[in-house]
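Reviewing the structure listed below.
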Amino acid sequence: MVGTQANNPLHGVKLEKVVTDLVEHYGWEELAIRININCFKSDPSVKSSLKFLRKTPWARDKVEALFLETFSR
């Protein structure tokens, strides 16, 4: 498994940066439309979103995919 992170475009990017950059780009309302999860819809904050995303792999995958789609052009 040597070098597996070398091909990962998110290697070294903290989840907090991913969420913060997406919020700055889309805003909470648009983010909740693009990814339908409560931590973006109901009283959203970076802290509460990080807590949820760290415990919920499928949601984290969606957020990371949107980040790559948005900022990797």
Side-chain angles (χ1 to χ4, degrees):
M1 298 292 272
V2 174
T4 54
Q5 289 297 323
N7 295 326
N8 180 352
L10 287 173
H11 179 66
V13 179
K14 294 192 182 300
L15 183 58
E16 183 173 3
K17 177 173 175 43
V18 170
V19 173
T20 302
D21 287 0
L22 286 172
V23 171
E24 287 176 4
H25 186 80
Y26 291 111
W28 289 113
E29 194 171 321
E30 178 67 20
L31 205 49
I33 291 168
R34 290 176 178 266
I35 304 173
N36 187 11
I37 51 179
N38 280 335
C39 69
F40 292 163
K41 295 192 292 188
S42 177
D43 194 24
S45 73
V46 172
K47 185 176 181 181
S48 66
S49 297
L50 291 175
K51 186 175 181 181
F52 174 76
L53 293 170
R54 287 184 178 124
K55 294 187 302 188
T56 317
W58 64 264
R60 182 177 182 154
D61 290 345
K62 288 185 175 200
V63 170
E64 289 176 343
L66 179 60
F67 179 83
L68 291 174
E69 180 183 308
T70 303
F71 298 110
S72 294
R73 294 179 184 185

Let me confirm one number: the CG-CD distance from L31 to E24, rounded to the nearest 0.5 Å. 12.0 Å
Only counting residues at least two apart or in another chain, list the ones meeting side chain to side chain contact (heavy atoms under 4.5 Å, CB included) with A59. I37, F52, L53, T56
Heavy-atom pair with the smallest gap, counting every atom of F40 and I35: CD1-O, 3.8 Å
Write down the atom of R34, the atom of Y26, and the distance for their closest heavy-atom approach. NE-CE2, 3.1 Å
For L15 and R54, which heavy atoms make the closest approach, and how far apart are they? CD2-CG, 3.9 Å
Heavy-atom closest pair, residues E16 and T20: O-OG1, 2.7 Å
Grouping I, L, V, M, F, W and Y whenever their side-chain heavy atoms are under 4.5 Å apart, do V18 and W58 come out in a common cluster? yes
Would L68 end up clustered with L66 when hydrophobic side chains under 4.5 Å apart are linked, directly or stepwise? yes
Among all residues two or more places apart in sequence or in another chain, which pass the side chain to side chain contact (heavy atoms under 4.5 Å, CB included) test with E29? none
So does K41 have more than 12 non-hydrogen atoms from other groups sitting under 6.0 Å from NZ? yes
Approximate separation, where rounding is to 0.5 Å, of K55 NZ and L50 CG: 12.0 Å
Taking S42 for its side chain and N38 for its backbone only, find out whether a donor-acceptor pair lies under 3.5 Å. no
To the nearest 0.5 Å, what is the distance between CG (D21) and CZ (F67)? 5.0 Å
Please report the closest heavy-atom contact between C39 and S49, naming both atoms and the distance. O-OG, 3.4 Å
